[in-house]
Amino acid sequence: MAAIEAFEKLTMRSFKPTDEVDLSALVEVETRGERMMFFIAPSKGGLEVLVNKTEVTLITPQAPLGQLMVGRKTDERFKFGAGAGAAEYRIVSVA
């Protein structure tokens, strides 16, 4: 029930390509030659939904990957993971 309320209260922003990643952003990232789509959501992180034949994973700003994305812009890079398993991510687009 709390998750439903969080989404009902969510204000959807219209992001420009130069804006920083924030709540309600649709973020395309690339890592190791693979592209993925994430929606920065108020709750229900990890939920995967299909939108126009594209898989989108909901992620919260509090999740480790979400913390690394929020505040970054298109073409910025960051590392996620530890040691030799760490992967470099690049933000391809913010919408």
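Throughout, numbering of the chain's residues begins at 1 and tracks the sequence. Basis for what follows: all heavy atoms, side chains included, without hydrogens, waters or symmetry-related copies.
Listed here is the closest heavy atom pair of A87 and T31: CB-OG1, 3.5 Å. The two residues E20 and F15 make their nearest non-hydrogen contact at O-CE2, 3.5 Å. A pairwise comparison of heavy atoms in A25 and V94 identifies CB-CG1, 4.1 Å as the closest pair. Minimum interatomic distance between E55 and M37 (heavy atoms only, all atoms of both residues): O-CB, 3.7 Å. Nearest heavy atom pair, residue A6 against residue P42, reads O-CG, 3.8 Å. Summarising the geometry of Q67 relative to P61, their closest heavy-atom pair is CG-O, 3.2 Å, with the distance given to 0.1 Å.
Residue I91 holds its CD1 atom at 9.5 Å from CG of L68, rounded to the nearest 0.5 Å. Distance OH/Y89 to CZ/R32: 7.0 Å, rounded to 0.5 Å. R90 CZ to R35 CZ: the interatomic distance, rounded to the nearest 0.5 Å, is 5.5 Å. To the nearest 0.5 Å, the span separating CG on L26 from CZ on R13 amounts to 13.5 Å. Taking CG from L23 and CG from L10, the interatomic distance works out to 5.0 Å, rounded to the nearest 0.5 Å. Interatomic distance, OG1 of T57 versus CE of M36, reported as 8.0 Å (0.5 Å rounding).
At a threshold of 4.0 Å, the pair K73-D19 does not count as salt-bridged, since none of the basic side-chain nitrogens sits closer than that to a carboxylate oxygen.
L50 and I59 fall into different hydrophobic clusters, where Ile, Leu, Val, Met, Phe, Trp and Tyr residues are linked whenever their side-chain heavy atoms come under 4.5 Å apart, directly or through other members.
Using a 4.5 Å heavy-atom cutoff, the side chains of V56 and F38 are not in contact. Looking at T74 and V92, their side chains never come closer than 4.5 Å, going by heavy atoms from C-beta outward.
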Could you go through the side-chain contact (heavy atoms from CB on, under 4.5 Å) check for I40 and V27 one step at a time? CA-CA 8 Å; I40 309 299; V27 184; 4.1 Å; yes
